[in-house]
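Quick note on labels: first sequence line is chain A, next is B, and so on, each numbered from 1.
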Amino acid sequence: MNNPQLNARGELQHLLSVEGLPRETLLHILATADSFVGLTDRDVKKVPLLRGKSVFNLFFENSTRTRTTFEIAAKRLSADVINLNINTSSTSKGESLLDTVDNLSAMHADMFIVRHASSGAPYQIARHVTPHPHLHVVNAGDGRHAHPTQGLLDLYTIRHYKKEFSQLSVAVIGDVLHSRVARSLIHGLTTLGVPDVRVIGPKTLLPAGVEQLGVKVFHDMNKGMAGVDVVAMLRLQNERMNGPLLPSAQEFFKSYGLTPEKLALAKPDAIVMHPGPMNRGVEIDSAVADGPSSVILPQVTFGIAVRMAVMSILAGN
Amino acid sequence: MIAHMTTLPDAEKLYAELLRQVRPQVTPDTGVIGIMTGGAWLAERLHRELGIQQPLGVLDISFYRDDFDQTGLSRNVKPSQVPFDVQGRHVLLVDDVLHTGRTVRAAMNELFDYGRPGKIELAVLVDRGGRELPIAAQYRGGEFAVPNEHVLVLDRGDTGNFTLTLSDRHRERK
């Protein structure tokens, strides 16, 4: 099967994962986002691109933050946004995923933003809506698989501060095993030609064969941090903290928490990213999170512009 | 290359005429805004040669086009920049070629999202006819009828000099 994300003309039809997207497509999204960043300085922060279009937020898994950023992005594009919290509606009455999708398609939806606990659910929806060429699907996080708009906003943030990808060292740190953010970011970095991508974490939280993604693996954070330009922290999910993969949150912080001392091993102008929500004192020290190297809040701002770019490119294809 | 290429007017002469018309009508406080790309080049030169004090503005009207549903988003969107307060100001909107008027409509819509200008005037290098909207330019370097299927494009050389070229390719969409 062809790349399900691209249409017959090679244009973006759905955004399902960063993996498999051509370099030009990634760069096109980042360049388009540049034009949306400046809108926040205006009286009117909206543009009329998606006027009359209906964007459905289909969140089969709760995530207030991600849903809100998509909602703001869609509203700044003048779309009508309908939020469906599916946990509490049809599926609890037994309706199948694809029946839900069929019903919403019949309501003339133009775009589905899908968050689902199962890897691959957005692909299934994208395949299912093939008879509607004007319907677009955006993956807002599926299982452990991908979270492409988060990966793209990370790439945007890196480009904003570092300008070029071709000379960078980037360290992705923490629970890579359960992180869809890590996967999307790593694919993006390698596609854009970052020569040195490192993953740092305990053996139990790194996927087997992670080297095959083109990264260097470190279990000792002090070694892995040496001379990096970008530090991408990952969230340690609450349920892992006391699970079988880790002794305790305190132990994790000792070995893999980002403290000022560990950050000092990176380049002096290194930036620190985190996809949020942060666990202060677990994967990141407050002194770093609130410190001068942190670009965590700019990431949130850029996230709106990147999601606007994705939605406007999709809606035009 | 098509036949009436040779009859194209000299863009530098058109520019000189446009400058002559605009000069008495602006003050250093006028806001000059060029529509990308050709209009931005023109605006840059007008801004310099008219001694405008307000910084130069540029608009990329991609987010306001009325043909988004047919053509999608431009492959090459650039950020718009209006680095002065539009509210109540006399704004001179500058474009290279005035044709259907749709670009100017989009530019005015975008401009109003920055504030409510006191007055907007339009300066163009060439008015090529073919209007599809009730839009007119107050200042025109020249008039030059071009058949609908052709595209009239402003180019800027290495020394900053302007030239006009005509091509028979379809209007660039993406």
Run the salt-bridge test on Asp43(A) and Arg116(B) with the 4.0 Å N-O cut-off and return the result as yes or no. no
Could you look at Lys45(A) and say if it's the side chain, the backbone, both or neither that has a heavy atom under 4.5 Å from chain B? neither
Examine the side chains of Thr100(B) and Arg131(B) and answer whether a donor and an acceptor come within less than 3.5 Å of each other. no
Which distance, rounded to the nearest 0.5 Å, do you find between the CG of Asp96(B) and the CE of Met36(B)? 13.0 Å
Close contacts, residues 50-63 of chain B versus chain A, judged by heavy atoms under 4.5 Å: Ser62(B), Phe63(B)
Is any residue of residues 21-33 of chain B within less than 4.5 Å of chain A by heavy atoms, and which ones? none
Do Glu71(A) and Asn57(A) have side-chain atoms, one donor and one acceptor, less than 3.5 Å apart? no
By a 4.5 Å heavy-atom criterion (distance strictly below it), what part of Gln81(B) contacts chain A: side chain, backbone, both, or neither? neither
Out of curiosity, His28(A) NE2 to Ser74(B) OG, how far, rounded to the nearest 0.5 Å? 7.0 Å
Which bit of Leu27(A) is near chain B, if near means a heavy-atom gap under 4.5 Å: side chain, backbone, both or neither? neither
If you check every heavy atom in residues 14-21 of chain A against those of chain B, which residues fall under 4.5 Å? none
Any idea which heavy atoms bring Leu50(A) and Met111(A) closest together, and the distance? CD2-CE, 4.5 Å
Hey, does the side chain of Thr40(A) reach the backbone of Val37(A) with a donor-acceptor pair shorter than 3.5 angstrom? yes
Would you kindly say whether His160(A) and Asp34(A) are connected by a side-chain donor-acceptor distance under 3.5 Å? no
Using a strict 4.0 Å threshold on nitrogen-to-oxygen distance, state whether Arg159(A) and Asp154(A) make a salt bridge. no
Under 3.5 Å, is there a donor-acceptor pair between the side chain of Arg76(A) and the main chain of Val47(A)? no
Answer yes if the side chains of Asp80(A) and Ser54(A) hold a donor-acceptor pair under 3.5 Å, and no otherwise. no
Does the side chain of Glu17(B) come under 3.5 Å of the side chain of Tyr139(B) through a donor N or O and an acceptor N or O? no
Hey, mind stepping through Glu110(B) and Ser80(B) against side chain to side chain donor-acceptor pair (under 3.5 Å) and telling me if it holds? CA-CA 9 Å; Glu110(B) 177 161 6; Ser80(B) 294; 2.8 Å; yes
Indicate the atoms forming the closest heavy-atom contact of Asp229(A) with Gln167(A), along with that distance. OD2-O, 4.1 Å
For Asp155(B), which of Thr163(B), Thr165(B), Asn161(B) qualifies under side chain to side chain donor-acceptor pair (under 3.5 Å)? Thr165(B)
Is the closest side-chain donor-acceptor distance between Tyr123(A) and Asp142(A) under 3.5 Å? no
Verify the distance criterion only: is there a donor paired with an acceptor across the side chains of His145(A) and Arg183(A) at less than 3.5 Å? no
How about His116(A) and Phe59(A): are their ring centroids closer than 6.0 Å? no
Listed by residue number, which members of residues 293-310 of chain A have a heavy atom under 4.5 Å from any heavy atom of chain B? none
